[in-house]
Structure formats: structure tokens, C-alpha cells
Amino acid sequence: MRRSALFLPTERQPPADAEALSHKLMVRAGLVRQLGSGLWSWLPAGWRVHQKVTQIIRKEIDGIGGQELLLPVMQPRELWRRTGRDTIDELFKLQDRKGAEMVLAMTHEEAVTFLVAAAVKSYRDLPKLLYHFQVKERDEPRPRAGVLRTREFIMKASYSFDRDAAGREEQYEAHRRAYARIYDRTGLEWFECESDVGMMGGTVAHEYMAPCPAGEDDVVLAGSYAANLEVASADPQPLALPDDRELIEVHTPGQTTVQQLAGGLGLPAGALLKAFPIVVDDGRLMLVMLRGDHRVNDIKLQNALGATFRPATTEEIAARIGPAGYIGPHGVDVEVLYDAAVGEGPYVIGANAPDRHLRGFRPPAGPRIDIRRVEEGDTVNGVPVRIVPAIEIGNIFKLNTRYSEPLGATYLDESGKEQLIFMGSYGIGPARICAAAVEQFADEQGISWPRAIAPWEVNLLSLGKGGTPERAAADGLYADLRGAGVEVLYDDRDTGNGEKFAEAELLGCPLRLTLGKRSAESGVVEAQVRRGRTDLDGGVPLQDAPARVKSVLETLP
RNA sequence: CGGGGCGUAGCUCAGCCUGGUGGAGCGCCGCGUUUGGGACGCGGAGGUCGCCGGUUCAAGUCCGGCCGCCCCGACCA
């Protein structure tokens, strides 16, 4: 591609409202432009990156037996009514000219299950794996960070159909293997995490996370352990407790926070028990107890309760337990739930009386439930955890009969008996892979693409103007490289050299070749690897440049 | 949905408080000089000041309403 002909509107300054690095750089480099909130156009160079990602995905899903098709974005709302998902806030709803209720699909379980329900009749038709790359529409409450969270985006979605759970399990595992190959091939740093199933339904779920500063989730990492902070568990930091033998009341005026109390008593925060009063959705008031240095993980608590909850109000606390800031489990008439990290004690707790705490409290033996948030300093199998922000770049769900049941997707088994089809669904967001790659590898100068998804492998800069010998040599090299099948962006413009260098670094192709007067005279082209901006020793001789460039590319990340 | 901020040239912004001939830098076009890190000179084009209404002799500026966009939180398969 000749730069002079390329539609690549670069900007010297980032958009005023951009915050995330990938947002700034992708706009500056001319890869994407915003049309409205959460609505983005992909320009030619950006679309090349997107296409490279989708092609990697396509090959790997084909490799596990996937068959590509295309399902509609606009769908009858009735279909969604049947699965109970037509009232989701994020779902765009609209009417056609006749007043018929429609929705814009945020995912395609309904459409594909409808299709399969009508077309699959016999156990002989199974298993099947269908997938597509299709636009998903989501009325996000808050789109953000460029293309990281948008209202319209392309997703690779595959859907597996099997006779039973065993078959579905096979396809689920096949996807885990394919996903590992896909993310490895993109060149990203990534993790497979256990995750919450959310409103997707089904049982088990894994999500695929790319660590990056603009990430919206937090991932807990320790050795081979990786889990979304929403569901992560770890061993708490051990701590030395005082050797209080009996329960004694202590006077603690004004010490209503863990910090104040720990400071006042000269104890570590973990020697205190924090009381978190909640009201479960059935109206029960409960006291959740956890170590003073720990915090409640709302999602884990909700999953443990099997119900939603809210923090109790000060009035509710005062009426049933004690004065806020001084409440504890001793002698109260409400259900008490102890976190798994609470040991034998002794601990300091609120005395349920103003300005009073109790030392030497030993919690009763009994059930413990892990409902705390993993903290820095925790360990998993002895390995300290790291908590890093990450962006979700894919997920897989075991749907089982969540959709086949409401939509009547069944088949006849060997004995002629009607059976429900077991499903799985598997998503990947190529745009997020693009943005995560920018986030992970960019430096002060700009983007540094992994080779597998770079818009072009090579960025050839001609420093000479038209008519000069060095321009003629660059033209020749461009032709040779193309002839050899190298993807090359050729900067053939008559602009300043500094501008060419700066733009090449902003755009981030893995290898830069520079051909100026020097090269024309010496017969050697200068070559610089974008990642780390390291010059290639000795450059690349013009004579067998294509072969040499190809072998250099092989070695690049 | 709660909180905060912003809307003036293609981009980044000043001008608004204190109403009176719409500006800068970059980019763009032309000419010339330059040419290994966003170079320089001269000339030029480009604006319904987000929209609607009000106040006023006069509104980019003051007032009201609306729309749009960003950030934090809530929310988010």
C-alpha cells in the first residue's frame, strides 16, 4: 500500500475527551473515529488489524469443526420474550412501520436456537458447531475508553449443539483449547479465568482476560491460578493475635472505624472483627462478620446467600443490634454469618453498647463461608497474589438447556424419544483484542503491534523526494517486497522526514525500513524493530532484501 | 440513574466573568527555501460560536429549555 494513496487521517494531538491510552493512540494513528457515544468507524488501517484478528479466530474455530454462517441483527421481540430476556435494559427495542415489536440482538442465542430447533430433528444431526462474526447491539449505560466498551461491536459467537452434557463438555473443552491457540497467536498477554455466569445463564463459565491499565475488571493471579476478583478465593495473610484469655469490655469512645480502633488498642486491623449488617431480599436482617483487614465481596456474598441483599440502614441496625460503630455478634438475636478467614480468635468485637468493645471474643465453631474480597498479601498455594486490571476479551458458557427448553430445540434419540439439545456459547471480541494489544505494548512513541495483527508487517520509508535515485531505489524495494509477498506500507510522500518517522512509530508496524541517500549509496537499507526501537545490526542489503526481511520478520514478536 | 465537566475552524484551545468588527497554534491550499526526527518564509481558504427561545439598541458572551459528548460511581452476556 502506498501511503500517498492511503486513507489514514492521523492526528498530532489526542482527542480532548480521550482518557485511555488505546483510545488516544487508535484515534491519533487514524485507525478508528467516533460517530457517537459508543459508536465507532473503523478506518482502513484499523480494519486491517481487526480483520487479521478475525482471520486468526476463523481458522481456529474452523479447526474444531465450526461452520460459519450469519444470523440477523434485527429480530422479532417475541423470540426474546420466550427466553425471558426481552426486558433486559441493555437490549435495544424498536418497532417497524407496522408497529411490530423488534429488538436489536445483543447476542444470538435466541436466533441460532430458533434455527436449530426447526432444522435439527434427529440424533443423527448432532453434534453441530455454528458460528458467526456479527454486530452486537447493546444499550450500554456508559460506553467508555474508545473501542473498549461500545454500544455496537462485532463479536465472534459460536454455539455448540449436542445430545447430552458429555457431548457439550467435549465442545466446551475444544473451545478452551482453540481459545488458547487464538490468544497465543494474537501475541497478547492473557489469562483464562473462572468467572461469574452473570445474566447469560447456564452453569460454568470461563472468561479470557488481557491485563492492561484501562481494564474494567480485576484479575487475581498467583502462579497458575487466575480468577476474576468477583469470584476469586485465596488464603488470608496470617497474623499474630493478642493472647486475651477471657471476654473483657474496653472503653473505646470515638473509635468507630477499624482503623481508629486498631490504632487505639495497638492491634493489627486483622485482630478485629468487622460487622457488616445486611438485609436479604426476603427481609431477614443478618450480620456478616469478617476480619477487620478484609472487605465483603458483594458477588460472592450474593452467590453464597442465593439471594440479593442490601446494607442495613442505621435505623435497622440500632433497632435490632446496637449503636452503629459498636455492633458485634455477641449476644445478638440475628443470624450471624462468619467469613472463612475468621479463625478461632481471640478477636475484638463491638459490644453493642455505646463507646464499648469486647476483647477476647472467640467465634463459635460452625460453618464458615468465603465471602470476602481477595486482598494484596493473600496467597494461593503459598504464592502471593497479584491483582491486576484487565479487559475481558472472550468468554465461554455452558448453557446446557437454558435456551433449548424455552425455544423447543429437541431431537429424537435412537429410541424415538424426544430429548433437549445441550448447548454452549462462546464469544470473542476482536475490537477489544485490538485495543488490548495497543494498551499492552505501546510506548512513548506510539503503538507497537504484535506481528500477527499489525496492519502491515513492514513500514518502508522513502526519505527522498520524487525523481531522486533514493526514491527510485525505494520504489524498487517496494516492488520487490510486494512481489515476495511481504505486507508493506510504503511511505512515498514528499513530506518532511521527521513526520515520516513519527508517523511510522505512531502506527506501530513491527519492522521499519528506511531508504534515504545513505542507503542508495551504500546499498544497505536501515531497519528498525518497532518493539524496543532497536536497530538491526548491519541493516538489510538491497540485493536480497525480500528474503532477509522475511527471515527477520520470523523472529519478531 | 446519582455526581462532576465540556460543546467556538479539520484537531487542540483562548475569548464568556465585565454584551459592542470572532482569535491563536497545528493541519489544509499556493509559491519559494529546506530535507535523517512532526523545518522555515510569504500569501490564502476555512465558522449557522451545539439547537431553540428570552432579555437587550446590540448576545459567542447574560437568562431559560433542549440536544450532544466525556469522566467518576451505580450498572454491565
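Naming convention: chains lettered A, B, ... in sequence-line order (proteins, then strands); numbering from 1 in each chain.
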Please classify the nucleic acid contact of [X] as base, sugar-phosphate, or nothing, using heavy-atom distances under 4.0 Å.
X: A:Arg512; value: base
X: A:Gly464; value: nothing
X: A:Lys500; value: nothing
X: A:Gln34; value: sugar-phosphate
X: A:Ala504; value: nothing

request  = Counting Watson-Crick and G-U wobble pairs only, both distances under 3.5 Å, name the nucleotide matched with B:rC16, or none.
outcome  = none
ask   = Using purine N1 to pyrimidine N3 plus N6-O4 or O6-N4 for Watson-Crick, or N1-O2 and O6-N3 for G-U wobble, both under 3.5 Å, which nucleotide pairs with B:rA45?
value = none
key: C1'-based separation of B:rG46 from B:rC29 [nearest Å]   = 10 Å
Spacing of the C1' atoms in B:rG60 and B:rG50 (rounded, Å) = 12 Å
Give me the distances for all protein-to-nucleotides 7-13 of chain B N/O pairs that come in under 3.5 Å?
from	atom 1	to	atom 2	distance (Å)
B:rU12	OP1	A:Ala16	N	2.8
B:rU12	O4'	A:Gln13	OE1	3.2
B:rU12	O2'	A:Gln13	NE2	3.1

query = To the nearest angstrom, how far is A:Glu505 atom CD from B:rG36 atom C1'?
reply = 12 Å
query = Can you check the A:Leu463 CG to B:rG38 P distance for me, whole Å?
reply = 13 Å
query = Counting only N and O atoms by type, is there a donor-acceptor contact under 3.5 Å from the side chain of A:Ser519 to the main-chain atoms of A:Val524?
reply = yes
remark   = Ranking B:rG38, B:rG36, B:rG73 by distance to the side chain of A:Thr514, first place goes to B:rG36
request  = Would you mind listing every ring-ring contact (aromatic ring centres under 6.0 Å, His included) that reaches into residues 491-538 of chain A, with sequence neighbours excluded?
outcome  = none
task = Take A:Asp535 and A:Asp537 through the test side chain to side chain contact (heavy atoms under 4.5 Å, CB included) and record every step on the way to the result.
result = CA-CA 6 Å; A:Asp535 287 319; A:Asp537 266 350; over 6 Å; no
task = Taking salt bridge (charged side-chain N to carboxylate O under 4.0 Å, His left out) as the test, write out the residues that go with A:Arg512, two or more places apart.
result = A:Glu505
